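Scroll down for the structure; my scribbles are underneath it.
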Amino acid sequence: MSLFDKTEKPIGLASDHAGFAAKQIIIKLLTENGIPFKDFGAYSEESSDYADFAHPLARAVESGECYPGIAICGSGNGINMTMNKHQGIRSALCWNKDIAYLARAHNNANVLALPGRLLNEEEIYEILVTFLNTPFEGGRHERRINKIPCG
């Protein structure tokens, strides 16, 4: 399977220091495949707070500036929780390609959250390709995701 090539908008990226190395792998893959992206930080492995980068990415996905988003921290949990504070975000923490497939097909996830310290380059590639190439199935799942935002 090839990397996603049907994007009309740049893919949004965000990480903290613990997700920086994994984000560099993703940047390399996107660059090699000519896929546009916007990096919201962090820009080094110097200690940083995931929320400082997650909120700008979430706003960019919500506004339509970027689609989809990819958010990375050490475990993936903190940045995922932060992303999901935004009403227009459905961020899914994915640690294998099966979870990534279901997050897109059943939950129409618009942000992929990754545990940067727990994945190798091959796993990142498989998860990324699966997430970017899996369409939302709609149908019964549409009803369910419409109930996610609280009013």
Side-chain angles (χ1 to χ4, degrees), residues 2-44 46-95 97 99-116 119 124-125 127-151:
S2 65
L3 209 57
F4 185 68
D5 60 0
K6 298 168 253 182
T7 186
E8 296 175 13
K9 298 178 182 180
I11 292 173
L13 304 175
S15 73
D16 67 358
H17 62 283
F20 180 78
K23 186 174 68 171
Q24 297 315 297
I25 292 168
I26 292 169
I27 287 172
K28 178 179 175 260
L29 292 169
L30 296 176
T31 301
E32 287 173 351
N33 286 276
I35 298 170
F37 63 89
K38 182 170 182 181
D39 187 355
F40 291 88
Y43 304 109
S44 75
E46 183 179 334
S47 183
S48 60
D49 301 331
Y50 48 76
D52 293 340
F53 312 108
H55 290 302
L57 172 59
R59 287 190 290 272
V61 172
E62 285 180 311
S63 73
E65 176 187 347
C66 294
Y67 181 83
I70 301 170
I72 314 159
C73 70
S75 70
N77 283 306
I79 204 162
N80 186 55
M81 290 175 190
T82 305
M83 296 296 299
N84 280 317
K85 292 294 183 182
H86 292 257
Q87 288 296 307
I89 297 298
R90 289 177 307 282
S91 181
L93 176 55
C94 300
W95 55 93
K97 65 182 183 176
I99 298 295
Y101 173 83
L102 292 169
R104 287 288 304 130
H106 292 188
N107 307 118
N108 201 16
N110 55 9
V111 175
L112 169 63
L114 294 170
L119 300 172
I124 291 169
Y125 179 80
I127 293 166
L128 182 64
V129 169
T130 300
F131 187 86
L132 295 178
N133 286 288
T134 301
F136 177 51
E137 290 178 3
R140 70 186 188 279
H141 304 296
E142 185 80 36
R143 180 183 77 246
R144 294 170 183 155
I145 65 164
N146 286 338
K147 294 179 180 181
I148 293 173
C150 59

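All values reported here derive from a predicted model rather than from experimental measurement.
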Subject >> side-chain contact (heavy atoms from CB on, under 4.5 Å) against K38, all qualifying residues, sequence neighbours excluded >> reply: F40, E65, C66
**OP:** Could you pull out the closest heavy-atom pair between I89 and N84, with the gap in Å?
**Re:** O-OD1, 3.5 Å
**OP:** Using side-chain hydrogen bond (donor to acceptor under 3.5 Å, both in side chains) as the criterion, list what pairs up with E62, not counting sequence neighbours.
**Re:** H86
**OP:** Heavy atoms only: give me the nearest N110-F131 pair and the separation to one decimal.
**Re:** C-CZ, 4.4 Å
Subject >> For N107, all residues meeting side-chain hydrogen bond (donor to acceptor under 3.5 Å, both in side chains), sequence neighbours excluded >> reply: none
Original post:
With side chains defined as the heavy atoms from C-beta onward, is the minimum distance between F37 and I70 less than 4.5 Å?
Top reply: no
Subject >> From CZ (R90) to CG (L112), nearest 0.5 Å >> reply: 14.0 Å
Determine all donor-acceptor pairs shorter than 3.5 Å in which one atom belongs to a side chain in residues 16-29; sequence neighbours excluded.
from: D16; atom 1: OD1; to: A18; atom 2: N; distance (Å): 3.0
from: D16; atom 1: OD1; to: G19; atom 2: N; distance (Å): 3.0
from: H17; atom 1: ND1; to: S48; atom 2: N; distance (Å): 3.1
from: H17; atom 1: ND1; to: S48; atom 2: O; distance (Å): 3.2
from: K23; atom 1: NZ; to: S15; atom 2: OG; distance (Å): 3.4
from: K23; atom 1: NZ; to: D39; atom 2: OD1; distance (Å): 2.7
from: K23; atom 1: NZ; to: D39; atom 2: OD2; distance (Å): 3.3
from: K23; atom 1: NZ; to: G41; atom 2: O; distance (Å): 3.2
from: K23; atom 1: NZ; to: A42; atom 2: O; distance (Å): 2.5
from: K28; atom 1: NZ; to: E32; atom 2: OE2; distance (Å): 3.4

Subject >> Neighbour count above 12 (heavy atom, 6.0 Å) for F136 CZ >> reply: yes
**OP:** Return each pair, listed once, that meets salt bridge (charged side-chain N to carboxylate O under 4.0 Å, His left out) where at least one residue sits in residues 136-145; pairs must be two or more places apart or across chains.
**Re:** none
Original post:
Residues two or more places apart in sequence or in another chain: which of them pass side-chain contact (heavy atoms from CB on, under 4.5 Å) with A113?
Top reply: N80, S91, L93
Subject >> Check against side-chain contact (heavy atoms from CB on, under 4.5 Å), N108 and H141 >> reply: CA-CA 8 Å; N108 201 16; H141 304 296; over 6 Å; no
Original post:
Closest approach of A14 and L57, non-hydrogen atoms and distance?
Top reply: CB-CD2, 3.6 Å
Original post:
Taking only residues two or more places apart in sequence or in another chain, which ones pass side-chain contact (heavy atoms from CB on, under 4.5 Å) with D52?
Top reply: D49
Original post:
What distance separates F53 CZ from C73 SG, expressed to the nearest 0.5 Å?
Top reply: 12.0 Å
**OP:** For L119, check side-chain contact (heavy atoms from CB on, under 4.5 Å) against everything at least two apart and list the hits.
**Re:** L114, P115, E123, I124, I127
